[in-house]
Amino acid sequence: MTDLPGYPSRRGFLKASAAGVALSGLAASASAQEAPAPVSLDQYEREYLSADEWAFVMAATARLIPSEGDGPGAIEARVPVFIDRQLASDYGTADDWYMESPHDAAAEPARGWQTPLTPAEVYRQAIPAFDAWCQETHGAAFADLSPEQQDASLTSLQNGDVALANELREFWGLLLSNTKEGYFADPQYGGNQGMQSWVYIGFPGARAAYREWPERHNVKYPLGPVSISGERA
Amino acid sequence: MARQEKKKDVVIVGLGWTGSIAGIELAQEGLDIVALERGHDQSTVPNFEYPQQIDELKYGVRLKMMQKPSQQTVTVRRNDGERALPYRSLGSFLPGNGVGGAGTHWNGLNWRPQEVEMRLRSYVEETFGEQIIPEGMNLADYPVSYDELEPFFTQFEKVAGISGYAGNLNGEIREGGNPFEGWRSEDFPMPPLPTTYDSAKFQEAAKAMGYHPFPASAGIASTSYVNPYGMQMGPCNFCGFCERYGCYQYSKSSPQTAILGALKRMPNFEYRTGSEVLRVELAEDGKTATGVTYWDEAAQEEVFQPADIVILSSYQLNNVHLMLLSGLGEAYNPLTGEGTLGKNYAYQMNGGVSMFFKDAEFNPFVGHGANGMVIDDFSISQNDFGAEGFIGGSYWRSGTFNGQPIRNMPLPKGTPSWGAGWKEGIGEWYGHAMSIGSHGSHMAYANNHLDLDPTYTDRHGRPLMRMTFNWQDNDLKMNQFMKSKMEPLAASMNPDIMQAGFKDIGAQYDVRPYQTTHNTGGHIMAENAQEGAVNRYSQTFKAHNVFAMGAGNFVQNTQYNPTGLVGGLAYHTVHAIRTQYLSNPRPLV
Ligand SMILES: Cc1cc2nc3c(=O)[nH]c(=O)nc-3n(C[C@H](O)[C@H](O)[C@H](O)COP(=O)(O)OP(=O)(O)OC[C@H]3O[C@@H](n4cnc5c(N)ncnc54)[C@H](O)[C@@H]3O)c2cc1C
Ligand code: SF4
């Protein structure tokens with residue numbers, strides 16, 4: 001039996017499942033690596049979002065995945081960068097989707113995407129509409145509310161209590177799913193900075209090679225993640 | 001006027017599983033063949049190379065291997081009274097695009113139907129009486145039997161490279177295999193793959209309840225293997241990026257790994273990508289086709305490709321659409337029962353239970369698309385339809401196949417969907433959940449059908465196809481029955497938390513969540529032209545030199561994933577073309 005450097009000993013697994021705890025420590029020290037620090041979020045050059053939209057996305061994602069508690073928040077993971085770049089891409093412009101008229105934006109949600117707007121346009125039109133609602137209800141634009149008021153506003157948005165035009169109805173769903181995408185996608189898309197979210201939950205990213213692992217039952221996989229560009233964390 | 005290409009013996013429309021099978025078998029006859037593929041070219045190297053392929057956002061979420069709705073889509077309504085709306089972004093089903101078709105990014109769960117599924121109407125009538133068949137259910141027999149197809153199932157499994165363990169070898173029931181499967185003339189070409197922790201737990205619990213677990217048969221190599229065309233596969237390493245991805249290491253069975261490498265070396269075979277077939281052209285007598293007209297993406301013009309034989313292998317939805325546009329039959333009318341095209345569109349009925357174990361380590365990223373232990377104890381041949389009040393059945397599976405966190409983050413009910421509570425939840429539960437899935441049959445109904453949409457058109461100005469589809473009580477009852485049986489099994493495993501997800505009676509079809517890409521029917525097989533669009537050899541009743549392959553042939557869906565039957569039928573068809581049609585082109589029945 002050969003043990004590979006940086007790779008846990010097979011003998012270790014045969015002993016006890018408690019081995020996992022010690023092994024993750026071993027893996028972390030064997031692969032710790034410095035990645036160059038990216039530009040700070042306030043110096044980031046936006047590709048799609050305007051200054052006001054950026055302020056909203058920063059504030060909203062910070063509540064959707066807050067920094068407090070274990071694990072990175074959306075801001076540490078640079079989710080706003082991800083969202084900005086996605087909206088500037090063929091995803092934001094719905095290039096792959098069928099967007100021909102006529103549209104029935106009032107159709108029941110189970111019938112799928114029926115607004116004439118692209119995802120990027122939904123953000124562009126929904127942010128000021130939601131901000132206006134926040135202004136009316138809580139006395140300030142979303143970004144200027146207290147965290148508690150922000151959470152309450154997002155809850156209202158989620159529950160459909162913010163009267164948005166039918167064309168903008170997908171806004172909440174987009175915002176939440178894009179935030180989670182930015183949190184968990186490969187770092188090449190601008191989010192998941194340093195693969196912190198993968199480290200947090202224990203997902204090994206792009207390793208994608210587990211020949212020995214199917215039959216190692218109830219043993220925690222010990223290696224930290226790698227990214228598509230070859231970073232390790 | 002359309003540009004015209006040199007005449008070929010055979011033109012193949014779509015280069016997925018069925019198109020590749022038709023290509024290689026007919027090329028072996030020495031015929032001059034061209035395959036037209038709407039999408040791009042793609043091979044293991046360089047297109048599926050590591051690590052670029054290991055990208056959940058691009059392939060898993062943004063679906064970059066799939067058909068783009070901007071290129072082609074359908075409209076959907078749930079009943080004849082509703083206005084059909086376009087399926088604008090993909091959700092419920094994900095048709096393939098490009099060389100290899102959906103066979104490049106499928107899961108690899110490879111099944112044969114049960115013997116009784118091929119003669120389901122007769123089985124129901126003989127065993128339970130005709131009166132149990134609900135009104136509006138178009139229950140039918142296939143015009144070809146399991147026994148006739150057996151050699152072709154075997155052939156497909158050898159070509160595709162399927163791993164598994166035979167439970168019924170020439171009638172002998174073998175411990176550890178599926179005791180309820182149809183007989184096999186040979187064991188699987190490769191042994192089963194190793195078993196992950198969740199599968200092992202499920203296996204143990206199922207055994208304790210007296211069920212018969214066995215390893216899922218998988219189009220995933222468990223060893224080194226060379227198939228009958230000389231194509232090589234190497235063992236899978238459970239990379240966890242299988243469904244929705246091309247395999248970067250020649251382990252998943254696909255047209256690329258099983259057929260295309262050999263086919264491309266044949267001098268009498270040619271394929272053109274960026275070539276979307278717009279219609280089949282019929283001769284003046286209306287009894288044969290002269291070839292097809294396609295859109296050449298690079299030249300931006302229409303091209304006529306003359307050929308003596310036309311093989312439609314463009315996936316169920318696209319085949320039916322092309323046939324409707326080309327007049328290869330009459331559109332089905334659910335009110336009169338007349339016409340055959342679009343008839344018996346069917347789908348799949350699924351559900352499942354998730355279980356959370358605080359202290360268990362499942363490493364959900366260790367898996368492959370077809371990983372798992374399975375039971376068939378609630379399959380069609382095992383259920384008492386008379387007593388239970390439905391017709392159908394399902395198989396159950398447990399096995400990790402995708403731990404990718406954007407799409408696979410099961411959390412206990414009540415966990416907030418965002419905020420501090422969500423973040424805490426993902427930290428606590430990722431890697432500590434397992435599930436059992438029920439993959440069920442789906443019957444055909446008069447009111448679930450396909451025709452042309454009156455309003456919406458595609459980029460070529462052709463009407464989109466319209467899907468009229470909703471869930472029916474029969475299949476929902478079957479699903480609820482599975483729930484009632486699965487919950488006690490899941491509970492016997494003592495999870496900390498468990499929750500079921502099964503559609504309830506009255507559930508409406510929702511186009512958003514992914515269910516399966518097991519769209520079936522629409523150009524169904526039948527004994528005669530009044531009942532179906534193609535005969536037992538997938539030859540169209542309308543034009544004897546047009547053959548339509550794929551799950552469009554299914555008279556109703558089986559409880560299994562479709563490709564085993566699709567592949568078997570494709571080999572059955574090319575065998576008939578080789579042995580009966582070429583020497584004397586004519587309607588074969
Ligand atoms: C995500 C996913 C998972 C799946 N998992 C399983 C599984 O585990 N088990 C199973 O049995 N099945 C599974 N399937 C289904 C399986 O992939 C299909 O049954 C199988 O690929 C069908 O083969 P086919 O030859 O009919 O069509 P395809 O493989 O889809 O090939 C059709 C080809 O035709 C091309 N085409 C379409 N229209 C035109 C046109 N007008 N002109 C030219 N070319 C055209 C398409 O681009 C495509 O390349 C899965 C499918 C998906 C999408
Ligand atoms: S899980 Fe196996 S078969 Fe699937 S893509 Fe990975 S290596 Fe290939």
Side-chain angles (χ1 to χ4, degrees), chain A residues 17 20 63-66 68-71 73 91 94-100 102 104 107 109-114 151 154 158 176-177 179-181 183-186 188-189 197-198 200-211 213-221 226-230, chain B residues 50-52 54-57 61-64 68-71 73 76 83 85-89 91 193-197 200 235 237-241 248 360-363 365-367 371 403-406 409 417-420 422-424 426-427 430-431 455-457 464 508-512:
Chain A
S17 60
R63 296 315 304 154
L64 294 176
I65 311 180
E68 65 245 30
D70 289 340
Y91 165 72
D95 282 14
D96 291 351
W97 297 0
Y98 182 84
M99 296 297 283
E100 301 305 316
D104 181 1
R111 315 213 41 201
W113 189 272
Q114 297 300 343
D151 285 355
L154 290 171
Q158 176 174 30
L176 184 60
S177 52
T179 299
K180 291 181 184 176
E181 287 161 10
Y183 194 65
F184 286 130
D186 186 88
Q188 69 178 311
Y189 296 102
S197 76
W198 291 350
Y200 170 50
I201 61 167
F203 175 63
R207 284 199 183 273
Y210 307 108
R211 179 72 42 83
W213 278 85
E215 290 182 317
R216 289 182 179 168
H217 289 177
N218 206 13
V219 178
K220 191 175 169 59
Y221 181 79
V226 297
S227 71
I228 290 173
S229 66
Chain B
Y50 181 85
Q52 279 68 33
I54 309 305
D55 187 339
E56 182 184 13
L57 184 74
V61 182
R62 303 281 185 255
L63 306 171
K64 288 296 183 186
K68 297 177 180 15
S70 59
Q71 175 183 40
T73 192
V76 184
R83 192 149 78 87
L85 296 175
Y87 182 54
R88 295 180 182 275
S89 63
L193 291 124
T195 303
T196 48
Y197 184 42
N237 70 22
F238 284 69
C239 84
F241 285 78
Y248 68 84
E361 298 289 351
F362 292 109
N363 296 324
F365 40 84
V366 178
N371 183 32
Q404 299 153 44
I406 301 176
M409 185 58 76
S417 59
W418 56 277
W422 177 79
K423 200 172 74 164
E424 205 181 301
I426 62 170
Y430 180 80
T455 309
Y456 294 94
T457 55
L464 295 189
Q508 302 282 302
Y509 180 48
D510 184 337
V511 302
R512 294 168 301 173

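From a predicted model like this one, the values you see are computed outputs, not experimental measurements. Every chain is numbered from 1, with letters handed out A, B, ... down the list of sequences.
Here B/K64 is the residue among B/Q71, B/E424, B/K64, B/E56 with the most heavy-atom pairs under 4.5 Å with chain A. Comparing B/L464, B/I54, B/T455 by heavy-atom pairs within less than 4.5 Å of chain A, the highest count is held by B/I54. When each of B/N371, B/I426, B/V76, B/L63 is scored by its heavy-atom pairs under 4.5 Å with chain A, the top score falls to B/I426. The choice from B/A200, B/S70, B/G419 that makes the most heavy-atom pairs within less than 4.5 Å of chain A is B/S70. When the candidates A/P204, A/A107, A/A185, A/G202 are compared by the number of heavy-atom contacts under 4.5 Å with chain B, A/P204 comes out ahead. Among the candidates A/Y183, A/F203, A/W113, the residue making the largest number of heavy-atom pairs closer than 4.5 Å to chain B is A/F203. Interface check for chain A: of the options B/A420, B/P405, B/P51, the most heavy-atom pairs under 4.5 Å are formed by B/P405. Between chain A and the residues B/P86, B/G240, B/A360, B/G367, the largest count of heavy-atom pairs under 4.5 Å involves B/P86.
Annotation: side chain of A/W213 is not in contact with side chain of B/T196 (no heavy-atom distance under 4.5 Å). Residues A/L176 and A/K180 have side chains in contact (heavy-atom distance under 4.5 Å, counting atoms from C-beta outward). Between A/Q114 and A/P109 the shortest side-chain heavy-atom distance does not fall below 4.5 Å. Looking at A/D151 and B/W418, their side chains come closer than 4.5 Å, going by heavy atoms from C-beta outward. Considering only heavy atoms from C-beta on, B/T457 stays 4.5 Å or farther from A/E100 through its side chain.
Contacts of B/L193 with chain A are absent, with no heavy-atom separation under 4.5 Å from either backbone or side chain. For B/F238, the parts lying near chain A are the backbone and the side chain together; criterion is any non-hydrogen pair under 4.5 Å. Only the backbone of B/Y509 comes within contact range of chain A, with at least one heavy atom under 4.5 Å from a heavy atom of that chain. B/S89 touches chain A through backbone and side chain together, each having a heavy atom under 4.5 Å away. For A/L64, the parts lying near chain B are the backbone and the side chain together; criterion is any non-hydrogen pair under 4.5 Å. If you measure heavy-atom distances from A/Y189 to chain B, the contacts under 4.5 Å come from the side chain alone. Heavy-atom distances place the backbone of A/D95, and not its side chain, under 4.5 Å from chain B. For B/D55, the parts lying under 4.5 angstrom from a heavy atom of chain A are both the backbone and the side chain. With a 4.5 angstrom heavy-atom cutoff, B/V61 touches chain A only via side-chain atoms.
A donor-acceptor pair under 3.5 Å is formed between the side chain of B/Y430 and the backbone N or O of B/G403.
Partners of B/Q508 under the side-chain contact (heavy atoms from CB on, under 4.5 Å) rule, at least two apart in sequence or in another chain, are B/R78, B/N470. Every residue meeting the side-chain contact (heavy atoms from CB on, under 4.5 Å) condition with A/D70, not counting sequence neighbours, appears here in chain and number order: A/Y200.
Minimum interatomic distance between A/A208 and B/C239 (heavy atoms only, all atoms of both residues): O-CB, 3.2 Å.
A cation-pi arrangement is absent between A/R207 and B/F365, since the terminal nitrogen or guanidinium carbon is not both under 6.0 Å from the aromatic centre and inside a 45° cone about the axis.
Comment: B/E361 does not engage A/R216 in a salt bridge, judged by the lack of any side-chain N to carboxylate O separation of less than 4.0 angstrom.
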